[in-house]
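Values below: every heavy atom of this structure, side chains too, minus hydrogens, waters and symmetry copies.
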Amino acid sequence: MRRTRGFDVTSLPYRARVYINNQVLLPASLVRALGIRDRAYVRITFVFKGERVTLDRVKLLRTRNTDSRQFTIPKAVRVSAGVGPGDTVEIVEVEPLE
């Protein structure tokens, strides 16, 4: 079996690009380091153009074969903060909920 080497990110802050579907990737190494592998919902705080935005109760989307997660930035937040596909956000805090 051939595997590709992922991102080696083990701490915050983490700079991530917003995908075309308005989702942001949290790499597997960061998910494991933060201990949120088995969490479905988290509180995420990110900075975009100097504005600090906190998303409460964000659902972490997962794939079958990896620990990486993705989350979607809600439309209301994207419009108010001006976040769009291709922009870079800096994730500064991830808190597990529940």
List the steps and the verdict of side chain to side chain contact (heavy atoms under 4.5 Å, CB included) for V53 and T45. CA-CA 6 Å; V53 179; T45 303; over 6 Å; no
Minimum heavy-atom separation for N22 and V18, please, with both atom names. CA-CG1, 3.8 Å
Sequence neighbours excluded, which residues qualify as side-chain contact (heavy atoms from CB on, under 4.5 Å) partners of N21? Y19, Q23
Mind checking the OH-NZ spacing from Y41 to K59? Nearest 0.5 Å is all I need. 4.5 Å
Would V94 end up clustered with V77 when hydrophobic side chains under 4.5 Å apart are linked, directly or stepwise? yes
In chain order, what residues pass the side-chain contact (heavy atoms from CB on, under 4.5 Å) check against K49, with sequence neighbours excluded? none
Hydrophobic cluster identity match, L55 and V24, side-chain contacts under 4.5 Å: yes
Which heavy-atom pair separates V42 from P96 by the least distance, and what is that distance? CG1-CA, 4.0 Å
For E93 and L12 the tightest heavy-atom approach is CA-CD1, 3.8 Å
Can you list the steps and then say if L60 with I36 is a side chain to side chain contact (heavy atoms under 4.5 Å, CB included)? CA-CA 9 Å; L60 293 179; I36 57 173; 4.1 Å; yes
Nearest-0.5 Å distance, OG of residue S68 to CG of residue L25: 5.5 Å
On a heavy-atom basis, which atom in P13 and which in E90 lie closest, and how many Å separate them? CB-OE2, 3.3 Å
Using side-chain heavy atoms (C-beta onward) and a distance below 4.5 Å, is Y14 in contact with V92? no
Run the side-chain contact (heavy atoms from CB on, under 4.5 Å) test against R32 and tell me which residues pass, sequence neighbours left out. A28, S29, R37, D67
To the nearest 0.5 Å, tell me how far F48 CZ sits from D87 CG. 4.0 Å
In chain order, what residues pass the salt bridge (Lys or Arg N to Asp or Glu O under 4.0 Å) check against E51, with sequence neighbours excluded? none
Can you list every salt bridge (charged side-chain N to carboxylate O under 4.0 Å, His left out) pair that touches residues 68-84, not counting sequence neighbours? none
side-chain contact (heavy atoms from CB on, under 4.5 Å) involving R43 - partner list, sequence neighbours excluded: T54, D56, E95, L97
Would you mind listing the cluster partners of L61? Hydrophobic ones only (ILVMFWY), side-chain contacts under 4.5 Å, chaining allowed. none
Find the distance between CZ (F46) and CD1 (I91) and round it off to the nearest 0.5 Å. 8.5 Å
Give me the other members of the hydrophobic cluster that V79 sits in, counting Ile, Leu, Val, Met, Phe, Trp and Tyr linked by side-chain heavy atoms under 4.5 Å, directly or via other members. none
